Amino acid sequence: MIQFKAILIRVTKEILRDKRTLALMLLAPILILTLMNLVFNSSTDTKLKIGVADNVPGKIIQSLPSSKVTIRHYPNSLNRAKKIQSDDLDAFVGRSKNKLEITNENEDPTKSSQVKSIFANALLVSKIKELSLTLKKISLQTSTKQTSSNLKIKNSYLYGNSNSTFFDKVFPILIGFFVFFFVFLISGIALIRERTSGTLDRLLATPIRRSQLVFGYLAGYGLFAVLQTLLIVLFAIYVLKVAIIGNLLLVLLTNILIALVALVIGLFVSTFANSEFQMMQFIPIIVVPQVFFSGIIPLDTMAHWVRFISYLLPLSYAGNALTAVMIKGQGLGVITNDWLILLVFLFIFTFLNIIGLKRYRKV
Amino acid sequence: MANSDHTIASISHISKSFGSKKVLSNITINIREGQILGLIGPSGSGKTTTIKCLLGMERADTGFAAIFGQKMPNRQILEKIGYMGQTDALYENLTALENLTFFGNLMGISGAELTATINKNMALVDLTDSLHQIVANFSGGMKRRLSLAIALLANPDLIILDEPTVGIDPSLRLDIWTQLRTLAIAQKAIIVTTHVMDEAEKCDLIGLIINGEIFALGTPAELKEKFHAASIEEVFLKAEVSSK
C-alpha cells in the first residue's frame with residue numbers, strides 16, 4: 001500500500017511541477033472548444049449570391065426567399081463561368097425555352113444543394129400561386145365557394161431547440177475525445193520517460209508489485225482527468241452556454257472512465273515506442289480513427305461493415321453515452337451497456353500492462 | 001544452495017542470448033559477505049546483463065542466480081538489495097528529498113526511520129545542503145551522488161552499483177571508495193562494475209568479463225601474477241589482446 005501511495009504522490013507532484021503539460025491538459029481543450037464554438041455558431045446565416053439573367057421570369061425570382069439570397073441581375077448571353085468567377089457568385093441562373101439553367105459554382109457542395117432546393121421551392125410556390133388565382137377565378141365565375149385549407153408548419157423538438165447547432169451535437173463527443181487524447185498522450189510519454197531515464201529499472205529493482213505501479217499511475221492520472229473534465233464541462237455550461245440536460249454526475253463518471261481507458265491504452269502502446277516522437281506517431285493510428293467513428297460523422301449512414309469497426313473503438317461507446325446523457329437527458333439505464341464495454345476495455349488493458357511490465361522484471 | 005560459507009550471492013553457469021546473439025556464456029561467480037567484487041571488461045562485454053540476471057530483471061536461458069540462498073527472480077529479496085543503474089534514474093522535476101522519499105517508500109521505509117536514513121546517506125555523499133533543490137538544477141556529479149544515496153537508503157546487505165563513480169570528482173571518488181570499504185567491513189557484499197582500473201585495484205575480487213565469458217576471476221594480486229602484469233590496467237590490455 002505504501003508503494004501505491006508513493007507512486008500516486010510522485011505522479012501528482014510531477015504533473016504539478018510540469019507547468020506546460022498541465023496547461024496542455026487543462027487549457028488546450030478550452031481553447032479549442034472556444035474556437036469551435038465560434039466557427040460553428042457564427043457561420044449559419046450566410047446568404048447565397050445568385051446571378052440572374054434578364055430572361056428569367058420575374059415571378060420566380062420574387063418567390064425566392066429574400067432572407068437567404070442576394071440577387072444580382074445580368075443581361076443574357078454572357079459567359080456564365082466568367083461571371084461566377086469575377087463576381088464571386090454561388091450560382092448563375094439563365095433560361096433557354098422552358099428550362100431554367102442553373103450553373104453552380106460548386107466549390108462548396110452544400111451551397112449547391114441549397115441553391116437547388118431554393119429553386120425547386122420557388123418553382124413550386126409560383127405554380128401554387130397561379131393555381132390559387134385560377135381557383136379564385138373559377139369560384140367567381142361559378143359562384144360556388146372553393147375553400148382551400150390554410151396549413152401552417154409549427155416545429156417542436158424532442159431534444160434541444162430551434163437554435164441547436166452542429167456544435168451542440170458534437171460537443172459531448174468532443175469532451176470525450178479531449179479527455180481521451182490528452183490522457184493517452186501524456187501517460188504514454190510519462191512511461192517512455194520512465195523507461196529512457198532508467199527510473200523504471202530502478203523502480204522495478206525495489207519490491208514493488210507490477211500491479212501497484214499500474215494502479216498508482218491510474219490513480220494519479222485519473223485525478224487530473226477528473227480535474228480536466230470538470231473544467232471543460234463547467235466552462236462549456238457557464239461560458240459557452242451549451243445546454244446539458246442530463247445528470248452532470250453521469251457525464252463526469254463517463255469521462256473518468258474514458259480517461260482511465262485512455263491511460264491504460266497509452267501505457268500499453270508506449271511499450272512499442274522507443275521515444276516520445278515514436279509515441280506521437282501512434283496518434284494517427286490510434287486516436288484519429290476514433291474521431292471518425294465516435295459519432296461526429298453520423299454512423300447510421302455508413303455501410304454495415306464500416307459500422308462494425310466502431311464496435312472495436314472505445315471512443316464510440318464514450319460518444320454514445322455522452323450524447324445520451326448530455327443531449328437526450330437519458331439516464332443510467334441507457335448508458336449501462338456503454339459503461340460496461342468501457343470497463344471491459346479498462347480491465348483488458350490494465351491486465352496487459354501488468355503482464356507487459358514483465359519485460360523489465362521477471363517477477 | 002551453499003550459504004554456509006557466508007555466500008551472499010551466487011551466479012551459476014548462466015548463459016543468455018538476445019535473439020541469435022549470445023550475450024553471456026557460462027558465467028559463474030560467488031560473492032561472500034564483506035567482499036567487494038569488481039566486474040571489469042570492455043563495454044558491451046556483458047557486465048550489465050550479468051547484473052540484470054542476478055537481480056531477476058532478465059531471465060537466464062540456462063543456469064541460475066541466487067541471493068541470500070533464494071533463487072532469483074524473487075520480488076521479496078529486492079528489499080535487501082541496493083541497486084544503482086548506469087543512468088542516474090532520478091525524477092528531474094522533483095527535489096532531492098522527494099526522490100529519496102519516493103524510492104525509500106518503495107523499499108518499504110517511511111516515517112522517522114526514513115528521515116534518519118536520508119540524513120545519514122545525504123551526509124555520506126556530501127549533499128546535505130541540496131536536500132530541497134530540484135534535481136534538474138544538479139550538476140552531473142551531484143546527480144550521481146544522489147543516485148548512490150538512494151541505492152544505500154534501505155541499508156541493504158547486497159549493494160549493486162553499475163559504474164558508480166562516472167562523472168564524480170577524484171576527491172569524492174576516494175571518499176566513496178572509503179565508504180564502500182566501511183560497508184564491506186560491516187559485512188555487506190558489494191558488486192561494482194567499472195572502467196576505472198585503479199578502482200579495480202581496490203576490489204577484493206575481480207571478474208574480467210570479455211565477450212560474455214569470465215576471462216579471469218581472482219584477487220587483484222592473483223590476476224597480476226597470472227598475466228605477469230604490474231597493474232590491473234595491464235592485465236586488462238593483455239586480456240583484451242589475447243581474447244581476439
Side-chain angles (χ1 to χ4, degrees), chain A residues 1-24 186 189-217 219-220 224 274-276 354-363, chain B residues 48 51-60 65 70-95 97-111 114 134-136 143 147 150-151 153-154 156 158-163:
Chain A
M1 202 53 208
I2 183 175
Q3 278 99 347
F4 165 78
K5 221 173 91 189
I7 299 271
L8 169 59
I9 292 173
R10 193 215 84 212
V11 167
T12 317
K13 271 187 185 157
E14 272 201 298
I15 302 176
L16 286 177
R17 291 280 159 77
D18 191 352
K19 297 281 184 288
R20 275 181 68 149
T21 307
L22 196 63
L24 178 77
I186 290 168
I189 285 179
L191 192 65
I192 287 176
R193 262 196 218 154
E194 189 105 65
R195 240 170 54 209
T196 50
S197 72
T199 47
L200 185 64
D201 268 353
R202 177 163 239 167
L203 271 176
L204 292 173
T206 73
I208 189 175
R209 286 174 189 279
R210 282 173 284 127
S211 56
Q212 284 174 322
L213 177 58
V214 173
F215 290 136
Y217 258 88
F224 284 93
N274 290 322
S275 63
E276 277 105 327
I354 294 174
I355 296 294
L357 281 175
K358 272 201 173 181
R359 248 177 77 171
Y360 310 107
R361 188 182 74 189
K362 304 305 168 195
V363 283
Chain B
T48 300
I51 285 175
K52 288 200 161 175
C53 282
L54 178 63
L55 280 172
M57 298 169 105
E58 295 288 353
R59 197 185 288 280
Q70 298 281 324
K71 193 170 176 188
M72 298 299 283
N74 180 323
R75 191 171 56 80
Q76 240 78 49
I77 291 289
L78 294 172
E79 215 174 270
K80 298 181 218 159
I81 302 172
Y83 168 70
M84 177 168 90
Q86 258 174 20
T87 50
D88 293 322
L90 300 166
Y91 296 100
E92 302 248 328
N93 280 330
L94 305 184
T95 65
L97 180 61
E98 285 163 341
N99 271 285
L100 289 157
T101 309
F102 173 65
F103 285 110
N105 284 340
L106 290 191
M107 293 300 273
I109 321 166
S110 58
L114 182 61
I134 300 276
V135 172
K143 286 181 189 168
S147 193
I150 290 171
L153 266 186
L158 173 62
I159 301 160
I160 298 176
L161 309 170
D162 208 349
E163 308 270 3

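Note that the coordinates shown come from a computational prediction; the quantities given were computed from them, not determined experimentally. Each chain gets a letter, A, B and so on, in the order its sequence line appears, and its residues count up from 1. Computed from heavy atoms alone, side chains included, the values below leave out hydrogens, waters and symmetry copies.
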Practice prompt. Please name all residues satisfying side chain to side chain contact (heavy atoms under 4.5 Å, CB included) with A:Gln212, sequence neighbours left out, ordered by chain then number.
Written response: A:Gln3, A:Ile208, A:Arg209

Item to complete: Under 4.5 Å heavy-atom distance to chain A, tell me which part of B:Ala151 shows up: side chain, backbone, both or neither.
Response: both

Under 3.5 Å, sequence neighbours excluded: what are the donor-acceptor pairs made by side chains of residues 72-85 of chain B?
from, atom 1, to, atom 2, distance (Å)
B:Asn74, OD1, B:Gln76, N, 3.0
B:Asn74, OD1, B:Ile77, N, 3.3
B:Arg75, NH1, A:Pro207, O, 2.6

Item to complete: Measure the spacing between CD of A:Glu14 and CZ of B:Phe102 and express it to the nearest 0.5 Å.
Response: 8.5 Å

Worksheet entry | Pick from B:Met107, B:Arg59, B:Met57, B:Glu92 with the largest number of heavy-atom pairs that fall under 4.5 Å of chain A | B:Met57

Response to the item:
Applying side chain to side chain contact (heavy atoms under 4.5 Å, CB included) to A:Asp18 and not counting sequence neighbours gives A:Arg20, A:Thr21, A:Arg193, B:Asn93

Worksheet entry | Residue B:Thr101 versus chain A: region with a heavy atom under 4.5 Å | neither

Item to complete: Starting at CG of B:Leu94, measure out to CD1 of A:Ile9 and round the result to the nearest 0.5 Å.
Response: 11.5 Å

Discussion item. Is B:Ile109 in contact with chain A via its backbone, its side chain, both, or neither, using a 4.5 Å heavy-atom distance?
Written reply: backbone

Worksheet item: Should A:Arg10 and B:Asn105 count as side-chain neighbours, where that means a heavy-atom distance under 4.5 Å?
Response: no

Discussion item. Strictly less than 4.5 Å between heavy atoms, which residues of residues 197-205 of chain A line up against chain B? Please order them by number.
Written reply: A:Ser197, A:Gly198, A:Thr199, A:Asp201, A:Arg202, A:Leu203, A:Leu204, A:Ala205

Worksheet item: Where is the tightest heavy-atom contact between B:Glu58 and A:Lys362, given as atom of each residue plus distance?
Response: CA-CE, 3.7 Å

Worksheet entry | Selection from A:Arg361, A:Lys358, A:Lys5 maximising heavy-atom pairs under 4.5 Å formed with chain B | A:Arg361

Worksheet item: Picking from B:Asp88, B:Ile134, B:Leu55, B:Leu106, which has the most non-hydrogen pairs under 4.5 angstrom with chain A?
Response: B:Leu106

